[in-house]
Amino acid sequence: MLKREQIEAIKYLAQPKQGGLTHEEIADKVGVSRQTLYRWRQDVAFQDEIKREIGRNTMNRIPDVIDSLFAQATKPNQPSAKAAELLLKTVSMLNDSLVVEDRTKRSEQPLSDVEEMKAQIVAMKARRQAK
């Protein structure tokens, strides 16, 4: 569980450019030493909470970002392919995964023939190892 001072420090650290404050100024504002703030910043739980706070701060700006991507992707004279790609990924219409689908017909070869070939392969391997 994070202390009240840690939560207060996270509010500053999660702002763009740390709210215009240095680490020393943040430590002063929350009532701890610079070294304490440094130790907190090394803690995984503290780092995770900073990331969550950044996410919360960012959520209300996402519509503006999407509008900006749309404007860049649809510029009349110089549309941005990268902006279009990011926009499509944002709305889940494009992803980086590759899906391979086997659309060939199933083998017409009877299963018994396949089993016979497997047996021949095993026999060849055994003869090779015996040499």
Side-chain angles (χ1 to χ4, degrees):
M1 185 80 171
L2 297 174
K3 299 175 187 173
R4 180 189 56 77
E5 294 89 350
Q6 289 175 306
I7 293 170
E8 193 177 335
I10 286 169
K11 299 280 185 204
Y12 291 111
L13 293 169
Q15 292 179 28
K17 299 181 183 178
Q18 300 173 159
L21 301 173
T22 66
H23 289 155
E24 191 164 349
E25 291 169 328
I26 293 170
D28 287 342
K29 281 190 174 285
V30 300
V32 299
S33 70
R34 187 174 48 85
Q35 291 83 4
T36 298
L37 181 62
Y38 175 81
R39 280 196 308 277
W40 290 348
R41 290 178 47 240
Q42 305 313 304
D43 180 65
V44 173
F46 190 82
Q47 293 171 7
D48 289 345
E49 188 56 34
I50 290 173
K51 290 175 189 172
R52 282 191 288 275
E53 183 67 16
I54 290 170
R56 288 187 290 268
N57 293 345
T58 304
M59 289 305 289
N60 61 358
R61 300 180 74 191
I62 289 178
D64 295 333
V65 172
I66 291 173
D67 283 346
S68 177
L69 283 174
F70 182 79
Q72 292 296 317
T74 58
K75 269 187 191 174
N77 298 334
Q78 194 176 12
S80 168
K82 189 65 177 175
E85 176 187 358
L86 290 172
L87 180 62
L88 291 173
K89 284 181 178 180
T90 301
V91 295
S92 301
M93 292 180 69
L94 179 67
N95 62 44
D96 290 328
S97 66
L98 175 64
V99 177
V100 178
E101 182 181 345
D102 180 7
R103 300 183 89 182
T104 61
K105 292 193 322 188
R106 293 260 181 222
S107 173
E108 300 294 327
Q109 205 166 27
L111 189 56
S112 59
D113 289 349
V114 173
E115 293 303 321
E116 183 182 333
M117 284 192 271
K118 285 181 182 178
Q120 288 175 358
I121 291 170
V122 169
M124 286 189 278
K125 285 181 179 178
R127 283 194 299 268
R128 183 179 289 161
Q129 289 176 351
K131 290 183 182 181

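For the numbers below, each heavy atom of this structure counts, side chains included, while hydrogens, waters and symmetry mates do not. Since the structure is predicted, the reported quantities are computational estimates derived from the model, not experimental observations.
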Looking at [X] and [Y], would you say the former's side chain and the latter's main chain have a donor-acceptor pair under 3.5 Å?
X: Thr58; Y: Ile54; result: yes
X: Gln129; Y: Ala126; result: no
X: Gln15; Y: Gln18; result: no

| task | Mind jotting down which residue pairs meet the salt bridge (charged side-chain N to carboxylate O under 4.0 Å, His left out) criterion with at least one end in residues 6-23? Sequence neighbours excluded, please. | result | Arg4-Glu8, Lys11-Glu53
| said: Using a strict threshold of under 4.0 Å (side-chain N to carboxylate O), is an ion pair present between Lys89 and Glu85? | reply: yes
| said: Check this for me: does any side-chain nitrogen of one of Arg56 and Glu49 sit under 4.0 Å from a carboxylate oxygen of the other? | reply: yes
| message | Could you work out, with side-chain contact (heavy atoms from CB on, under 4.5 Å) as the rule, every residue matching Asp28, not counting sequence neighbours? | response | Glu24
| field | Residues which pass side-chain contact (heavy atoms from CB on, under 4.5 Å) with Arg39, listed by chain and number, not counting sequence neighbours | value | Gln35, Thr36
| message | Heavy-atom count check: over 12 atoms from other residues, nucleotides or ligands less than 6.0 Å from Arg34 CZ? | response | no
| query | What do you reckon, is CE of Met59 surrounded by more than 12 foreign heavy atoms closer than 6.0 Å? | reply | no
Is there side-chain contact between [X] and [Y], with heavy atoms separated by less than 4.5 Å?
X: Leu2; Y: Trp40; result: no
X: Gln72; Y: Leu86; result: no
X: Phe46; Y: Arg41; result: yes

| message | Quick check for you: to the nearest 0.5 Å, what is the distance between Ile50 atom CD1 and Asn57 atom CG? | response | 11.5 Å
| note | Taken to the nearest 0.5 Å, the spacing of Leu87 CG from Phe70 CZ works out to 7.5 Å
| Taking it one step at a time, do Leu37 and Leu13 satisfy side-chain contact (heavy atoms from CB on, under 4.5 Å)? | CA-CA 10 Å; Leu37 181 62; Leu13 293 169; 4.1 Å; yes
